[in-house]
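Okay, structure first, notes after.
So you know, we letter chains A, B, ... as the sequences are listed, proteins then strands, and number each from 1. Treat the numbers as computed from the prediction; the structure is a model and nothing was measured.
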Number of protein chains: 2
Amino acid sequence: MSCSLSNQEKILHLLKGLNNQISPKFERCTGISASRYELLHQLYETEEINQSNLQKAVNIDSGAITRHLKQLEANGMVTRRRNPTDNRVIFVRLTSEGRKRIVGYQKEKMSFVNQMLHDFNPEELESLLDMLKRMQNNISEY
Amino acid sequence: MSCSLSNQEKILHLLKGLNNQISPKFERCTGISASRYELLHQLYETEEINQSNLQKAVNIDSGAITRHLKQLEANGMVTRRRNPTDNRVIFVRLTSEGRKRIVGYQKEKMSFVNQMLHDFNPEELESLLDMLKRMQNNISEY
DNA sequence: CTATATTTGTTGATGGGTCAATCATTGTTT
DNA sequence: AAACAATGATTGACCCATCAACAAATATAG
């Protein structure tokens, strides 16, 4: 990119490019997409959860949540059942197969993220975390 | 996301979530997608350029470059012509209409990015830039 | 009790990226 | 000159997100 860009513009450009690199490399490294991984990870930590809360945790569209879960269900990684006391709600849980598979994904994911941040010290990690949160907060208000 | 995540994992989650927020909001704010904007901006700064160099500047797949340019061409924003001395190469330039429109996009884009980073001081901007570059470099080697 | 509002989840359409295969053209090697 | 390699661009397939519309169920207001 041209030198005529401000730092703010460069930051935007880098965020976009970084994400475009992360997506396919994460999937190649771990064998699963980032959103699928997050869904499974959330289910690993919570015995059972409804789709609405999963959606809030993973932070993507509810339509996308449904599609992911349907495919994970077809793959035998999760099960879904309707809440008998509120038929709007669908509960989701990991199958034992899913519980087994998440362990390998976690290792690969840690490997990937540690590589990405291998030369960051703890202060930098805290600082980066803070800045990312602030940016997210700043554009939430848009 | 659960408190059981390390800072590295939180950073990855935030990067992903941030980008998912930036994409639609950038487009809503400016009226054009981020990649289209970058393509047009690159053409604004260079009288004429081939697609291969555009692809390097904007950092997306050459197939995506072709698709974007074909639509921009259909919209009357750019023109494309084959290099008479090397028939593999296609040159692209902004039309006068495109040149006119980019100005408005630039203003809106600056508005968007200034909002996103409104509470960052110059040291933080430099620091963030440096960290994003290092992450990009770290995963390039993956 | 009825009407209205809200919530949860589903589906279709769309846009944007990657991956891979392909074609045409040019460059390099033998 | 011919064979092979590399380059630039195109296209198809696929994945993933958003947006919007919708249906069913529950909650709330009157």
Side-chain angles (χ1 to χ4, degrees), chain A residues 13 15-39 49-75 78 80-92 139 142, chain B residues 13 15-40 48-75 78 80-92 139 142:
Chain A
H13 177 71
L15 278 170
K16 177 176 174 300
L18 190 58
N19 196 78
N20 284 350
Q21 278 202 69
I22 288 173
S23 294
K25 290 190 177 189
F26 181 96
E27 178 148 12
R28 221 164 16 243
C29 173
T30 61
I32 193 168
S33 71
S35 291
R36 296 258 175 118
Y37 172 84
E38 286 189 19
L39 287 167
I49 183 175
N50 69 355
Q51 287 191 200
S52 172
N53 286 339
L54 259 184
Q55 191 263 316
K56 289 189 185 76
V58 177
N59 217 10
I60 58 177
D61 190 65
S62 62
I65 295 291
T66 299
R67 280 188 256 267
H68 281 309
L69 290 178
K70 284 196 163 190
Q71 284 207 316
L72 289 169
E73 187 178 34
N75 290 340
V78 308
R80 300 192 307 147
R81 73 183 178 97
R82 201 164 285 276
N83 178 3
T85 64
D86 186 339
N87 273 2
R88 291 173 298 179
V89 169
I90 294 201
F91 288 134
V92 194
I139 69 174
Y142 225 71
Chain B
H13 176 72
L15 279 170
K16 177 176 174 298
L18 191 56
N19 196 81
N20 285 350
Q21 278 203 68
I22 287 173
S23 294
K25 290 189 179 193
F26 181 96
E27 177 147 12
R28 218 158 26 239
C29 172
T30 61
I32 194 168
S33 71
S35 291
R36 296 255 174 120
Y37 173 84
E38 285 190 19
L39 286 167
L40 294 179
E48 194 169 53
I49 181 173
N50 68 355
Q51 288 191 199
S52 170
N53 286 339
L54 258 185
Q55 191 261 316
K56 289 186 185 81
V58 178
N59 218 13
I60 59 178
D61 189 67
S62 63
I65 294 289
T66 297
R67 281 188 256 267
H68 280 308
L69 290 179
K70 284 194 161 193
Q71 284 206 315
L72 290 168
E73 187 178 35
N75 290 343
V78 307
R80 300 194 305 148
R81 74 183 177 97
R82 202 165 284 275
N83 178 3
T85 64
D86 186 338
N87 274 4
R88 293 172 296 181
V89 169
I90 293 200
F91 287 134
V92 194
I139 68 175
Y142 225 69

Q: Look up atom CG in L18(A) and atom CG in N19(B), then write down how far apart they are to the nearest 0.5 Å.
A: 9.0 Å

Q.
I need the L39(A) CG to Q55(A) CD distance, nearest 0.5 Å.
A. 10.0 Å

Looking for any heavy atom pair under 4.0 Å, which part of the strands does [X] touch: base, sugar-phosphate only, or nothing?
X	value
R82(B)	nothing
S23(B)	nothing
D61(B)	base
S52(B)	sugar-phosphate

State, yes or no, whether a side-chain contact exists between [X] and [Y] at a heavy-atom distance under 4.5 Å.
X	Y	answer
R36(B)	L72(B)	yes
L54(A)	L69(A)	yes
D61(B)	R67(B)	no

Quick check for you: among [options], whose closest atom lies nearest to any side-chain atom of [X]?
X	options	result
K16(A)	dT18(D), dG16(C), dG17(C)	dG17(C)
E27(A)	dC16(D), dT10(D), dG17(C)	dC16(D)
Q51(A)	dT26(C), dT10(C), dA9(D)	dT10(C)
P24(B)	dA9(D), dC19(D), dG16(C)	dC19(D)
R67(A)	dT10(C), dT10(D), dA13(C)	dA13(C)
I90(B)	dG9(C), dG16(C), dA9(D)	dA9(D)
R88(B)	dA17(D), dC16(D), dG27(C)	dG27(C)
D86(A)	dG16(C), dC16(D), dT26(D)	dT26(D)
T66(B)	dA17(D), dT11(D), dT25(C)	dT11(D)

How close or far is atom [atom2] of [N] from atom [atom1] of [X], stated in whole angstroms?
X	N	atom1	atom2	answer
L18(A)	dT18(C)	CG	P	13 Å
N20(B)	dC19(D)	CG	P	10 Å
K70(A)	dC16(D)	NZ	C1'	17 Å
Q21(B)	dA17(D)	CD	C1'	13 Å
Q71(A)	dC16(D)	CD	C1'	10 Å
H68(B)	dG15(C)	NE2	C1'	9 Å
F91(A)	dT8(C)	CZ	P	11 Å
I60(B)	dA9(D)	CD1	C1'	14 Å

Q: Assign each of R28(A) and R36(B) to its nearest nucleotide of DNA chain C by heavy atoms, then name whichever residue's nucleotide is nearer the 5' end.
A: R36(B)

(Q) Is the phosphate of dG8(D) approached by S62(B) (side-chain N or O, under 4.0 Å from OP1 or OP2)? (A)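 Checking dG8(D) against S62(B), no side-chain N or O comes under 4.0 Å of OP1 or OP2.
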
Q: Would you tell me if any nitrogen or oxygen in the side chain of R80(B) comes within less than 4.0 Å of OP1 or OP2 on dT10(D)?
A: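 Yes, within the criterion.
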
Q | Working for side-chain hydrogen bond (donor to acceptor under 3.5 Å, both in side chains), residues K56(A) and S52(A) | A | CA-CA 6 Å; K56(A) 289 189 185 76; S52(A) 172; 3.3 Å; yes

